[in-house]
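Both ligands and their constituent atoms are indexed starting at 1 by order of listing. From a predicted model like this one, the values you see are computed outputs, not experimental measurements.
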Amino acid sequence: MTSLPTMTAAAAAGAAAPRAVLELENVTKSYGSEPPVQALGGVSLTVAAGELLAIVGPSGSGKTTLLHIIGTLDRPTSGTVRVDGVDVADLDDRGLAALRARSIGFVFQQFFLAEHSTVLENVADGLLYAGAGVAERRERAAAALDAVGLGDRKGFRPGKLSGGQRQRVAIARALVGRPAILLADEPTGNLDSASGAAIMELLDGLSAAGATIVVITHDRELAAGMPRHVEVLDGRIVHDSALPEAA
Ligand code: ADP
Ligand code: MG
């Protein structure tokens, strides 16, 4: 059991294998026809609950395509995608949207905050589809803001915050529904290096507290600083630090 090639860093360290929250098996994605462009050429990846990993690769390597497939915004051409134990092939588009709302929190390079709402309202909006009442939404939003260190900014408008603080709000909004996976696309891309480092430190702490976080980036230095890094090139994984090196 311990020698399965899909074992995680935690399993390798001897801990009981945690639940897999993301499983890609031989996923391909092609765009268009005559001739089709193959953006992913057979990607297999397992992410366990509580992991923090970076998917890193140069422009054109397939990162955005992979993000769309992991985030269930797009379906693979072939192969299997399971999110939180659910095979996306078993779901119609409505089911997929529901899975996405329930299981995935998104963070983007641009923060996408509602400028006319308060910080608290922005985060509470992350629970709009969770069926929680307004009082519970506000209570959970307040707790999420405390968790990202913005407990004293709840009544502010986003425009009064620094870039790093705005990204913290976006992270709180993504996490407030306790998704199985937080998916962050170049989360430090719009930040100076000090604010970017602080955001990475925050993600590290959130992961230690139990969140599962996948960061997509072209920044090799940032990726190298993370507990697990997965390198993509030409639509394939060419290195996964959680796996033994191929001979
Ligand atoms: P990255 O995000 O790493 O820059 P992408 O996933 O955007 O890589 O692209 C991977 C490959 O797929 C590239 O060759 C790109 O040109 C191609 N591609 C991406 N999206 C489309 C699309 N909608 N139609 C056709 N080709 C695409
Ligand atoms: Mg891209």
How far apart are the closest heavy atoms of Gly196 and Thr188, and which atoms are they?
->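 Minimum heavy-atom separation between Gly196 and Thr188: O-CG2, 3.5 Å.
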Shortest protein contact, [atom] (heavy atom only):
{"atom": "atom 10 (C) of ligand 1", "value": "Gly60 O, 3.5 Å"}
{"atom": "atom 17 (C) of ligand 1", "value": "Val37 CG1, 4.0 Å"}
{"atom": "atom 7 (O) of ligand 1", "value": "Thr64 CB, 3.6 Å"}
{"atom": "atom 12 (O) of ligand 1", "value": "Ala39 CB, 3.3 Å"}
{"atom": "atom 19 (C) of ligand 1", "value": "Tyr31 CE1, 3.4 Å"}
{"atom": "atom 8 (O) of ligand 1", "value": "Gly62 N, 3.1 Å"}

Among the heavy atoms of Gly57, does any lie under 4.0 Å from an atom of ligand 1?
-> no
Salt-bridge test for [X] and [Y]: reply yes if a basic N is under 4.0 Å from a carboxylate O, no otherwise.
{"X": "Asp146", "Y": "Lys154", "result": "yes"}
{"X": "Arg19", "Y": "Asp84", "result": "yes"}
{"X": "Arg75", "Y": "Asp93", "result": "yes"}

As an exercise, identify every atom of ligand 1 less than 4.0 angstrom from a heavy atom of [X].
{"X": "Ser59", "value": "4 (O)"}
{"X": "Ser61", "value": "1 (P), 3 (O), 8 (O)"}
{"X": "Pro58", "value": "3 (O)"}

Enumerate the protein N/O/S atoms at a distance below 2.8 Å from the Mg ion (ligand 2), ignoring waters.
->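 You should have found Thr64 OG1.
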Under a single-linkage definition using a 4.5 Å side-chain heavy-atom cutoff for Ile, Leu, Val, Met, Phe, Trp and Tyr, are Leu206 and Phe106 assigned to the same hydrophobic cluster?
->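 Looking at the clustering, Phe106 is in a separate group from Leu206.
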Out of Ile55, Leu40, Thr65, indicate the one that has the non-hydrogen atom closest to atom 5 (P) of ligand 1.
->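 Result: the heavy atom closest to atom 5 (P) of ligand 1 is in Thr65.
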Over 12 foreign heavy atoms within 6.0 Å of [atom1], [X]:
{"X": "Arg138", "atom1": "CZ", "answer": "no"}
{"X": "Glu139", "atom1": "CD", "answer": "no"}
{"X": "Glu221", "atom1": "CD", "answer": "no"}
{"X": "Asp234", "atom1": "CG", "answer": "no"}

Flag for Thr77-Thr28: side-chain donor and acceptor within less than 3.5 Å =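 Not at all, the side chains of Thr28 and Thr77 share no donor-acceptor pair under 3.5 Å.
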Would you please classify the geometry between the Phe112 ring and the Phe108 ring as parallel, tilted or perpendicular, with 30° and 60° separating the classes?
-> perpendicular
Applying side-chain hydrogen bond (donor to acceptor under 3.5 Å, both in side chains), name anything that partners Asp204, two or more places apart in sequence or on another chain.
->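 With sequence neighbours excluded, Asp204 shows a side-chain hydrogen bond (donor to acceptor under 3.5 Å, both in side chains) to no residue whatsoever.
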Considering all protein heavy atoms, does one lie under 4.0 Å from atom 27 (C) of ligand 1?
->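 True for atom 27 (C) of ligand 1.
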